[in-house]
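Down below is the structure, laid out as structure tokens.
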Amino acid sequence: DGARLLTGGIGRKEEPVREGFFRELEVDHTRFNERSTVLTVDLEEWFHLDESVVPPGEWDGLPSRVEENTRGLLDLLQARGARATFFVLGWVAARHQGLLRAIRERGHELATHGYMHRCVAAMTETEFLSDLRRAREAVEASGCEPVRGYRAARWSLGGIPGGGRRGSASGLATAPLDALIRDGFR
């Protein structure tokens, strides 16, 4: 009696891919309980990878794909009875309030991913607090309960990516962690 799950990944020749990039697997659900499986989604546009690659001043002129892609993901999650936490970039939240309401109405949690997808370790404390609060306000404007979850862009609470030895992060960014705790994030 296995639960059927869809997993991401591009299929190999010997494993035909069904439903786009997803393939079905049999999983023994007796090893898991409701709290042991965590699904999270970073809700951002395709061009939010790095502000040095696509400058923020160009973002509004680029085609958006977040709405269509996310609605497809919501349908897939609903079909599988899965719930997720969506870490929403504030920039996206400010432009797609209806999408955030749809995410919430389908039973998913909304959290924030910052406003401008900037590396936390590269910001001053003032810049970080401004970005954090602006992002929280944009997400909460959709009518959700107070946002308590946060995920740093590009895993940057561990320091500046590639700034340490052998390309590792340069060290834990503690001031932002303290600010998150003070602002009630978990």
Side-chain angles (χ1 to χ4, degrees), residues 6-11 17 19-22 39-79 82-144 147-163 167 169-170 173 176 179-180 185:
L6 291 179
T7 61
I10 298 173
V17 175
E19 299 180 337
F21 286 115
F22 297 97
L39 178 62
T40 66
V41 176
D42 284 1
L43 191 61
E44 57 196 47
E45 287 284 6
W46 60 272
F47 46 81
H48 287 142
L49 59 141
D50 188 326
E51 65 270 7
S52 67
V53 176
V54 181
E58 297 178 15
W59 293 355
D60 280 318
L62 296 170
S64 173
R65 296 184 185 143
V66 74
E67 185 99 21
E68 180 180 353
N69 291 340
T70 304
R71 289 191 185 276
L73 177 59
L74 289 171
D75 291 342
L76 178 64
L77 293 172
Q78 183 173 344
R83 297 288 172 258
T85 298
F86 283 74
F87 289 92
V88 183
L89 196 64
W91 188 93
V92 170
R95 288 156 178 80
H96 298 277
Q97 289 288 302
L99 180 60
L100 271 62
R101 284 189 289 279
I103 292 168
R104 195 183 68 256
E105 288 167 1
R106 296 223 198 167
H108 304 285
E109 178 185 17
L110 294 175
T112 185
H113 192 42
Y115 196 89
M116 296 297 288
H117 208 258
R118 292 186 58 205
C119 176
V120 171
M123 287 189 265
T124 66
E125 186 171 353
T126 301
E127 290 171 329
F128 173 73
L129 288 172
S130 175
D131 186 80
L132 176 67
R133 290 174 180 155
R134 188 175 177 203
R136 181 184 240 175
E137 289 170 6
V139 173
E140 290 177 354
S142 71
C144 70
V147 171
R148 296 182 38 177
Y150 175 80
R151 175 178 287 163
R154 299 189 315 273
W155 310 283
S156 58
L157 279 175
I160 298 172
S170 62
L180 287 165
F185 285 86

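We use all heavy atoms of the structure for the numbers below, so side chains are in, but hydrogens, waters and symmetry mates are not.
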Margin query: Keeping R136 on the side-chain end and V147 on the backbone end, is there a donor-acceptor pair under 3.5 Å?
Written below: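 Confirmed, R136 side chain pairs with V147 backbone.
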Note to self: Tell me whether W46 contacts the main-chain N or O of P63 through its side chain, where contact means a donor paired with an acceptor under 3.5 Å.
What the structure shows: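 Checking the backbone N and O of P63 against the side chain of W46, a donor-acceptor pair under 3.5 Å is found.
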I'd like to check the ring pair (Phe, Tyr, Trp, His ring centres under 6.0 Å) partners of [X]; sequence neighbours left out, ordered by chain and number.
X	value
H113	H117
F185	none
F87	none

Identify, with sequence neighbours excluded, every residue that meets side-chain contact (heavy atoms from CB on, under 4.5 Å) alongside [X].
X	answer
R101	Q97, R104, E105, S142
L49	V53
S64	E45, V66, H96
R133	L129, D183

Does [X] have any side-chain hydrogen bond (donor to acceptor under 3.5 Å, both in side chains) partners at least two apart in sequence or in another chain, and if so, which?
X	value
T126	none
R148	none
S130	none

Checklist line | Carboxylate-amine/guanidinium contact D42 R154, below 4.0 Å | finding: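 Judged by the 4.0 Å cut-off on N to carboxylate O distance, D42 and R154 do not form a salt bridge.
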Note to self: Suppose the criterion is salt bridge (charged side-chain N to carboxylate O under 4.0 Å, His left out): which pairs have a residue in residues 89-98, not counting sequence neighbours?
What the structure shows: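 Counting only pairs at least two positions apart or across chains, the salt bridge (charged side-chain N to carboxylate O under 4.0 Å, His left out) contacts touching residues 89-98 are D60-R95.
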Notebook entry, point to check: What pairs of residues pass the salt bridge (charged side-chain N to carboxylate O under 4.0 Å, His left out) test when at least one of them lies in residues 114-126, not counting sequence neighbours?
Noted result: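 Every pair satisfying salt bridge (charged side-chain N to carboxylate O under 4.0 Å, His left out) with a residue in residues 114-126: R118-E127, E125-R182.
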Checklist line | Parallel, tilted or perpendicular, as decided by the 30° and 60° cut-offs, for the rings of W59 and F47 | finding: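 Tilted.
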